[in-house]
> 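One structure coming up, written as structure tokens, with questions to follow.
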Amino acid sequence: MSSSMSSPAINADISEMLLELGKHEMNVNQNRFKYQMYRKAAKSVVDHPKRIQSVAEAKGLAGVGAKIALKIMDFVANGSNRQLDRVRQSDTNQSINELLRVSGIGPKLAAKLMADGIDTIDRLRTIADTLTDHQKIGLKYVDEFERKIPREEIQKIETLLTAKMNEFNKNLLLTICGSYRREARESGDIDVLITHRNVTSDQMKFKTNTYLKDSVRSLQKCGLITDRLSLGDTKFMGVCRLSKECPHRRIDIRFLPLDQYFCGILYFTGNDFFNQQMRKHANEMGFTLNEYSLRRLGLTSVPGEPIAITSEKEIFEYIDFPYKEPRDRNF
DNA sequence: CATTAGTG
DNA sequence: ACTAATGA
């Protein structure tokens, strides 16, 4: 879900190696700056229109300095890059990546675990009692969470969700966003947005409503939701399972006030590139668009009050951006 | 970049 | 209050 449409990925392999190196800097070396360096370099590499052939050409790219240029050339000359190969093989890299498969475990904990000699998921199990609830659940379902979710399964979950929500409160609206809404054949997780027919953002500033929690309870009661990773007033992260024969799935449910619902749907439907372009277009048209609202830009360039939105389509109309069905927002 | 959990 | 982790 991340390629440029103009010049069909001529340097894709190079940018992948860069991204992998960057990820390693992040996860293993905890160096977020180098991580960023690699990302920007990777980006300018992908959308460079022709295959990179010289260090000069490489170094001319934004974010590519002497070091990265060398790595690129190394990669171009041989089919690979020595540092990358070495990094891939390093035991700590492998162990950390294994540990990172567990939801709730990030680079910090992974490093600490390594130091304590916990370098595999099996060993992690031996100290499961020291983990947080989130991590325990992540551990319990590591394999299941890595499985893709067929659209048909999400469809069933959707109708179930809708039914439960309605039976429990007629004024709740829901939309499953993400790649599912874009009609992908399968998705990595389930991203649900809900709102209430008459809850506004202003009132949410004061009274913290319980619609999300109540919804989660009823979904728990009916057995669809099996575990909870976290639950606040506006965001639930957890686990659901359609039926005994299905794997457990990651599901997120967020509650939005009605006046932010459509911008939210738009945003969470993505994909990222589509969002970027749409936002940029909004700017050209003198608006600012984000996950919460569409606002008109004053000549001073300061955003005014959020424009009242009552459908996703309206957003397109305001900034006159040709409407795209979710299915063709895969930029 | 904002929301939650957990700790001290 | 701070820190880690998710996610999009």
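If you're wondering where the values come from, they're calculated on a predicted model, not measured in any experiment. Naming convention: chains lettered A, B, ... in sequence-line order (proteins, then strands); numbering from 1 in each chain.
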> Against the six-membered ring of A:F268, is A:R254 placed for a cation-pi contact (under 6.0 Å from the centre, within 45° of the normal)?
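Yes, a cation-pi geometry.
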> By a strict heavy-atom criterion of less than 4.0 Å, which residues belonging to residues 99-120 of chain A are in contact with DNA chain B?
none
> Between the main-chain N or O of A:V302 and the side-chain N or O of A:T300, is there a donor-acceptor pair closer than 3.5 Å?
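Such a contact is found between A:T300 side chain and A:V302 backbone.
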> Name the first nucleotide and the last nucleotide along DNA chain C (5' to 3') that come under 4.0 Å of a heavy atom in chain A.
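Range of nucleotides touched by chain A: C:dA4 to C:dA8.
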> Side chains of A:S95 and A:E98: donor-acceptor distance under 3.5 Å anywhere?
no
> Using a heavy-atom cut-off of 4.0 Å across all strands, would you classify A:R228 as base, sugar-phosphate, or nothing?
nothing
> Distance only, no hydrogens: is a donor on one side chain within 3.5 Å (strictly under) of an acceptor on the other, for A:D74 and A:N78?
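Side chains of A:D74 and A:N78: pair found under 3.5 Å.
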> How many whole angstroms separate atom NZ of A:K235 from atom P of B:dA2?
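Atom-to-atom, A:K235 to B:dA2, this comes out as 12 Å.
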> At 4.0 Å (heavy atoms only), tell me whether A:F236 reaches a base, stays on the sugar-phosphate, or touches nothing.
nothing
> How many Å lie between NE2 on A:H134 and C1' on B:dT7, as a whole number?
17 Å
> May I ask you to test the A:Q135-A:L124 pair for a side-chain heavy-atom distance under 4.5 Å?
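They are not in contact (no side-chain heavy atoms under 4.5 Å apart), so the answer is no.
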> Which side-chain N or O atoms in residues 148-161 of chain A pair as donor and acceptor under 3.5 Å with protein atoms at least two apart or in another chain?
unit_1, atom_1, unit_2, atom_2, d
A:R151, NE, A:A184, O, 3.1
A:R151, NH2, A:Y180, O, 2.4
A:E152, OE2, A:R185, NH2, 2.4
A:E153, OE1, A:R249, NH2, 2.9
A:E153, OE2, A:R249, NE, 3.0
A:E158, OE1, A:Y180, OH, 2.5
A:T159, OG1, A:K156, O, 3.1

> Indicate whether OP1 or OP2 belonging to B:dT4 is found under 4.0 Å from a side-chain N or O atom of A:T234.
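Yes, A:T234 has a side-chain N/O under 4.0 Å of OP1/OP2 on B:dT4.
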> When you measure from the side chain of A:N283 to the backbone N and O of A:F287, does any donor-acceptor pair fall under 3.5 Å?
yes
> Specify the separation, in whole Å, of atom CG of A:L231 and atom P of B:dA5.
7 Å
> From CG of A:L193 over to P of B:dA2, roughly how many Å is that when rounded to an integer?
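The answer, rounded to whole Å, is 17 Å.
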> With a 3.5 Å cut-off and no angle check, do the side chains of A:N275 and A:N271 form a donor-acceptor pair?
no
> Using distance alone, with no hydrogens and no angle criterion, decide if A:Y38 and A:K71 have a side-chain donor and acceptor under 3.5 Å apart.
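Their side chains do contain a donor-acceptor pair, which is all the 3.5 Å distance test asks for.
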> In whole Å, what is the span from the CG atom of A:L229 to the P atom of B:dG6?
10 Å
> Looking for any heavy atom pair under 4.0 Å, which part of the strands does A:N275 touch: base, sugar-phosphate only, or nothing?
nothing
